[in-house]
**Student:** 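Once you've had a glance at the structure underneath, I'll fire off some questions.
Quantities reported herein were computed from a predicted structural model and do not represent experimental measurements.
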Amino acid sequence: MSGRRVARAACAHGAASGLRGWGAVALSTVLLGVWIMPAGASASSSKPRDQAILAAGVLSAKDVPAGWISRPVSSGNQFTGFRGISVCKQIVAVDAAATAGSHAVSRALSDPAVPSREATATDEVYAFKNANAAARYLAAFQAPGAQTCLQAGLSQQTGGQVGVAAAPSHVQGVGDDNAGFDTVLSTTDQQGKPFTAILDFVLVRTGRAVVDLAFTNPGTNPLPQEQAILAAVVTRLGRVRT
C-alpha cells in the first residue's frame with residue numbers, strides 16, 4: 001500500500017497488460033506504474049522545522065549498494081485510484097490530507113544486476129504537526145479493512161486480470177510504530193507461463209514523521225536489500241529532533 005506510497009494513479013488497462021505482456025514491459029515499470037506514476041521527482045513546500053525530517057527520510061543513493069541506478073517519480077495522492085471503494089474511504093482521506101502537507105518523495109532506485117530495473121526501492125516521507133497526527137495517519141493502515149482495501153484497490157487498477165494477495169508486513173519492531181503489507185501479484189506471461197512479483201509496502205512512524213517505503217522484486221521473495229535499506233532510513237530519521 002506511500003511510500004509508499006498504496007497505489008498512485010495509473011492506467012488500469014496499461015498495468016494489467018504490462019504484467020500479462022511480460023518481456024515487453026519491465027516489472028518496475030508495471031509495479032511502480034501502479035504504485036508511483038513516473039514523472040519528475042517532487043517535494044512539497046515545507047516549513048523550516050520540517051526540512052530536516054524530509055531530508056532524513058528521503059531514500060538516497062547512500063542507502064542502497066553502490067552502482068544502483070535511479071529514475072525520477074512523482075508525488076501525489078497515492079490512493080487517488082482507490083476512490084470509490086468503500087473500504088478504502090479512510091485511507092484515501094488520510095493520504096490526501098498528508099500529501100497536502102509537508103512531504104517529499106525519493107527517486108526510484110534499482111539494482112542494475114536485475115534486468116530492466118525489476119528490483120526497485122522508493123519512499124515518501126511526511127512531516128506531521130505532531131506525533132498524534134502521525135499516529136492517526138498510520139492507524140488508517142492498521143485498521144481491519146486496510147488489507148482488504150489494498151487488495152481491492154490493486155485489483156481495480158489492474159482490471160482484475162492480475163491476482164493480488166496481501167498479508168501483514170513481515171517487518172516488525174522498527175520505529176515508534178509501523179504497519180504495511182507484503183503483496184504477491186500473479187499472472188501469466190506471453191507464453192502462458194506463471195509470473196509472480198512481490199510488492200512490499202512498509203510504513204514506519206518516528207516521532208511526528210512517517211516514512212512510506214515501497215519495494216518491488218520479481219519472483220516470490222522480498223527485495224534482498226529491503227531490511228538494510230529500511231534500517232538506514234529509519235536510523236537516520238531517529239537522529240532528527242522533531
**Student:** Examine distances only and state if a side-chain atom of Q151 and a backbone atom of A166 form a donor-acceptor pair shorter than 3.5 Å.
**Tutor:** yes
**Student:** Within the structure provided, determine whether V184 and T196 are in side-chain contact (heavy-atom separation under 4.5 Å).
**Tutor:** yes
**Student:** Residues in side chain to side chain donor-acceptor pair (under 3.5 Å) with S169, at least two apart?
**Tutor:** none
**Student:** Identify the two heavy atoms, one from A146 and one from A140, that lie closest to each other, and give their separation to 0.1 Å.
**Tutor:** CB-O, 3.8 Å
**Student:** Let's go through S106 and T122 carefully: what are the C-alpha distance in whole Å and the side-chain angles of both, what is the deciding distance for side chain to side chain donor-acceptor pair (under 3.5 Å) to 0.1 Å, and is it a yes or a no?
**Tutor:** CA-CA 6 Å; S106 76; T122 189; 3.1 Å; yes
**Student:** Once rounded to the nearest 0.5 Å, what's the spacing between atom CZ of R107 and atom CG of L59?
**Tutor:** 11.5 Å
**Student:** Which heavy atom of H103 sits nearest to which heavy atom of A98, and what is that distance?
**Tutor:** ND1-O, 4.3 Å
**Student:** Given side chains that start at C-beta, do those of V114 and P218 come closer than 4.5 Å, heavy atoms only?
**Tutor:** yes
**Student:** Counting only pairs under 3.5 Å, give me each side-chain donor-acceptor contact of residues 224-231, with atom names and distances, residues two or more places apart or in other chains.
**Tutor:**
from, atom 1, to, atom 2, distance (Å)
E226, OE2, H170, NE2, 3.3
Q227, NE2, H170, NE2, 3.4

**Student:** Name each donor-acceptor pair under 3.5 Å that joins a side chain in residues 172-181 to protein atoms two or more places apart or in another chain, with its distance.
**Tutor:**
from, atom 1, to, atom 2, distance (Å)
D176, OD2, G207, N, 2.6
D177, OD1, Q142, NE2, 3.2
D177, OD2, Q142, NE2, 3.2
N178, ND2, V174, O, 3.0

**Student:** I need the D200 CG to D182 CG distance, nearest 0.5 Å.
**Tutor:** 4.0 Å
**Student:** Taking only residues two or more places apart in sequence, or in another chain, which ones meet A133 in a side chain to side chain contact (heavy atoms under 4.5 Å, CB included)?
**Tutor:** F128, N130, R136
**Student:** Give the minimum heavy-atom separation between A56 and V240, together with the two atoms involved.
**Tutor:** CB-CG2, 3.5 Å
**Student:** Do V233 and W68 share a hydrophobic cluster, counting only Ile, Leu, Val, Met, Phe, Trp and Tyr and linking them when any side-chain heavy atoms are less than 4.5 Å apart?
**Tutor:** yes
**Student:** Could you measure the distance from the CG atom of L150 to the SG atom of C88? Nearest 0.5 Å is fine.
**Tutor:** 8.0 Å
**Student:** Side chain to side chain contact (heavy atoms under 4.5 Å, CB included) with V87: which residues, sequence neighbours excluded?
**Tutor:** I85, T148, C149
**Student:** Is any side-chain N of the basic residue among D50 and R208 closer than 4.0 Å to the acidic one's carboxylate O?
**Tutor:** yes
**Student:** Kindly give the heavy-atom pair with the smallest separation between L154 and F82, and that separation in Å.
**Tutor:** N-CZ, 3.8 Å
**Student:** From Y137 OH over to Q90 CD, what is the distance, rounded to the nearest 0.5 angstrom?
**Tutor:** 11.5 Å
**Student:** Out of curiosity, R83 CZ to D95 CG, how far, rounded to the nearest 0.5 Å?
**Tutor:** 9.0 Å
**Student:** Quick one, T120 with S110, criterion side chain to side chain donor-acceptor pair (under 3.5 Å). Give me CA distance, side-chain angles, the key distance, then yes/no.
**Tutor:** CA-CA 4 Å; T120 300; S110 304; 2.9 Å; yes
**Student:** Give the minimum heavy-atom separation between N217 and A119, together with the two atoms involved.
**Tutor:** OD1-CB, 3.5 Å
**Student:** So, taking the atom named CD1 in I53 and the one named CG in L237, what distance separates them when rounded to the nearest 0.5 Å?
**Tutor:** 7.5 Å
**Student:** Check T206, V171, V202 against V234 for a side-chain contact (heavy atoms from CB on, under 4.5 Å) and give me the one that passes.
**Tutor:** T206
**Student:** For the residue pair I198 and L223, establish whether any side-chain heavy-atom pair is separated by less than 4.5 Å.
**Tutor:** no
**Student:** For residues A104 and V58, report the shortest heavy-atom separation together with the two atoms involved.
**Tutor:** CB-CG2, 3.7 Å
**Student:** Please collect all salt bridge (Lys or Arg N to Asp or Glu O under 4.0 Å) contacts where either partner lies in residues 55-68, sequence neighbours excluded, each pair once.
**Tutor:** D63-R236
